Amino acid sequence: MKQEYFERKDKELFCEGVSVKAAAEKFGTPLYLYSASHIKERYNNFEEALKGYPHEICYAVKACSNIHILELFAKAGSGFDIVSGCELRRVIDAGGDPRKCVYAGVGKSAEEIKLAVENEILYFGVESVPELERINAIAGKLGKVARVALRANPDVDAHTHDYITTGKSENKFGLTFSQTEEILKNFPKKYPNLEAAGLQIHIGSQITETEPYRTAVLKAAEFVKKLRAQGTELKYFDIGGGLGIVYKDEEPATPAELIKEILPPISELGMTFVCEMGRYMVGNSSVLVTKVEYVKENPDKTFVIVDAAMNDLIRPALYEAYHDIVPVEEKDGTFVCDVVGPVCESGDFFRKDCRLAKVGEGDLLAICSAGAYGFTMSSNYNSRNRAAEVLVEGDEMTLIRKRETYEDQVRNEKTCR
Ligand code: LLP
């Protein structure tokens, strides 16, 4: 297990000073258990790497949007990268500063734009001309000037999973450099209620090397120079998110290594640096704790059937993503098995043909690196209640989301009668 803040003491797994078994006994399973210290440390790593240079670190809320987790970021002074009106509302509820929010996404609704303009967010990451027109009209009606950063697609391959690469020209995201250039010509005349504030790029997720970032930043920096020659000055240079973490044996670049590679071309332009990391901040802050319900021996295979399922953590089913699985209490011996959930789909697996400690009914397992795109992508499929979330700091644990109940699930259906 390669998550800092999760370690074994006397054969038992601990999250900071809290026994994972004790947390499971208190709050039940499946349970997302988060380390607050890990999150704080990760945020600080970026702050350190950017020290002395004008910057805004905007945590990508979509990775893990629990209000208590957002509060940790808000208290550290973080900004936020949001993709919906409700993400903005979560940030505000958590005490975050809406004026430090950058808002991405190809399909912002009029209602969402209104909310963001009213709250004076830092800027909209704009992805199309119709969107620009809509924001301009709404800002005009509200008597405000809204800042926008144009999201340019640098057409760079981030060497990551096809579903999470975003910076290639065939992806739905962003505008080409020439479209962006066209938009910025005569901008104040065409869009009197908008201020062109920045350029944004985002090339994908779980990127472990610095090279794709550097290529994209160099391309974008050249483009900024061209815009300057045409009289357009932009303040913010937003590199998006995407820095990878260790799931198995990856050796991702550190923030210090990344910033060292990409800051020089940005500082040469004198622009404020913005990044929108999600996974890096929270991915390894959490494990999904689950209980073994049955061990089923088929002629060809052994299945360890656990009480968490694809509805709790969909990444293995959706991306064939690797998540390490370790026993909460060490066991003697191992066996080869599939770790699967109770959902009625063959895709409901966490690991296949893996060598696992010889666990049995009632034993606890920790599914590792579950902090990013874990709970936020969970659902009620098979009418399963979503898991509880607990935040640990030192030897204190706080329930930050109650386990759902049947009543929670059907509340809105019952009101339709
Ligand atoms: N900024 C923008 C505009 C984004 O679209 C994303 C993620 C981020 C920042 C944060 O990226 P991160 O630092 O977390 O890589 N569900 C997938 C990941 C989808 C990422 C979507 N966009 C997964 O489970 O791997």
Side-chain angles (χ1 to χ4, degrees), residues 39 42-43 45-46 56-65 69 73 78-84 87 101-108 121-128 131 148-154 158-168 171-175 198-209 212-213 216 220 236-248 250 252-253 255 258 274-286 288 310 312-323 350 367-379:
I39 296 172
R42 289 253 141 170
Y43 178 80
N45 291 345
F46 259 96
E56 216 50 84
I57 300 167
C58 295
Y59 164 63
V61 173
K62 61 175 89 64
C64 179
S65 58
I69 304 269
F73 285 99
S78 181
F80 297 90
D81 161 48
I82 55 169
V83 280
S84 71
E87 282 195 351
C101 282
V102 299
Y103 185 175
V106 293
K108 303 174 188 82
I121 63 164
L122 185 57
Y123 54 74
F124 290 87
V126 169
E127 311 231 12
S128 68
E131 183 193 335
V148 298
L150 296 168
R151 176 161 176 184
N153 191 331
H159 310 148
T160 182
H161 194 289
D162 265 1
Y163 284 11
I164 52 178
T165 189
T166 43
K168 288 202 275 182
N171 298 126
K172 72 175 173 182
F173 301 100
L175 300 146
L199 186 72
Q200 190 219 16
I201 52 176
H202 169 79
I203 53 174
S205 201
Q206 183 55 13
I207 305 166
T208 52
E209 310 154 15
Y213 279 108
Y236 298 98
F237 194 117
D238 183 339
I239 66 151
L243 187 58
I245 60 164
V246 180
Y247 284 100
K248 191 178 189 180
E250 300 86 344
L258 176 65
V274 181
C275 64
E276 309 169 354
M277 299 301 163
R279 188 190 316 266
Y280 172 82
M281 299 290 182
V282 293
N284 269 329
S285 73
S286 181
L288 173 58
M310 65 191 289
D312 297 300
L313 177 70
I314 203 173
R315 301 192 72 257
L318 195 56
Y319 314 118
E320 288 172 21
Y322 176 89
H323 286 265
F350 293 111
I367 305 176
C368 301
S369 312
Y373 308 104
F375 189 88
T376 47
M377 291 180 80
S378 68
S379 74

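Just follow the structure's listing: the first ligand is 1, and inside any ligand the first atom is 1. Keep in mind it's a predicted model, so treat the numbers as computed, not measured. Heads up: numbering here begins at 1 and tracks the sequence.
Taking the ring axis of Phe124 as reference, the NZ or CZ atom of Lys108 does not stay both within 45° of it and closer than 6.0 Å to the ring centre.
The side-chain heavy atoms of Pro252 and Tyr247, taken from C-beta on, include no pair separated by under 4.5 Å. The side-chain heavy atoms of Tyr123 and Asp238, taken from C-beta on, include a pair separated by under 4.5 Å. No side-chain heavy atom of Leu288 sits less than 4.5 Å from a side-chain heavy atom of Phe375. Side-chain contact between Ser285 and Arg42: absent, with no pair of heavy atoms (C-beta onward) separated by less than 4.5 Å.
Note that CD1 of Ile245 is 10.5 Å distant from OH of Tyr280, once rounded to the nearest 0.5 Å.
Asn153 places a side-chain N or O within donor-acceptor distance of the main-chain N or O of Phe173, the cut-off being under 3.5 Å. Listed for the Tyr373 side chain is no donor-acceptor partner under 3.5 Å among the backbone atoms of Ile314.
Ligand 1 places these atoms under 4.0 Å from at least one heavy atom of Gly278: 12 (P), 13 (O), 14 (O). For ligand 1, the atoms sitting less than 4.0 Å from at least one non-hydrogen atom of Arg151 are 3 (C), numbered in the order shown with element in parentheses. Residue Arg279 has at least one heavy-atom neighbour below 4.0 Å for each of these atoms of ligand 1: 12 (P), 13 (O), 14 (O), 18 (C), 23 (C), 25 (O). Taking a cut-off of under 4.0 Å to the non-hydrogen atoms of Met277, the atoms of ligand 1 that pass are 13 (O). Less than 4.0 angstrom separates some heavy atom of Ala104 from each of these atoms of ligand 1: 3 (C). Remark: ligand 1 atoms within the under-4.0 Å shell around heavy atoms of Ala60 are 10 (C).
At least one N or O atom of Gly242, backbone or side chain, sits closer than 3.5 Å to an N or O atom of ligand 1. Checked by distance only, ligand 1 and Tyr319 come closer than 3.5 Å through their nitrogen or oxygen atoms. Taking any N or O of Glu276, backbone or side chain, at least one lies under 3.5 Å from an N or O belonging to ligand 1.
Taking 4.0 Å as the cut-off, Met281 does not count as a neighbour of ligand 1 on heavy-atom distance. Ligand 1 lies nowhere less than 4.0 angstrom from a heavy atom belonging to Tyr280.
Looking at Gln200, Gln206, Arg315, His202 and measuring to atom 5 (O) of ligand 1, the nearest heavy atom belongs to His202.
Each of Glu127, Glu276, Glu131 was scored for a salt bridge (Lys or Arg N to Asp or Glu O under 4.0 Å) with Arg151, with one residue passing: Glu127.
Under 4.0 angstrom from ligand 1, there are no non-hydrogen atoms of Ile207.
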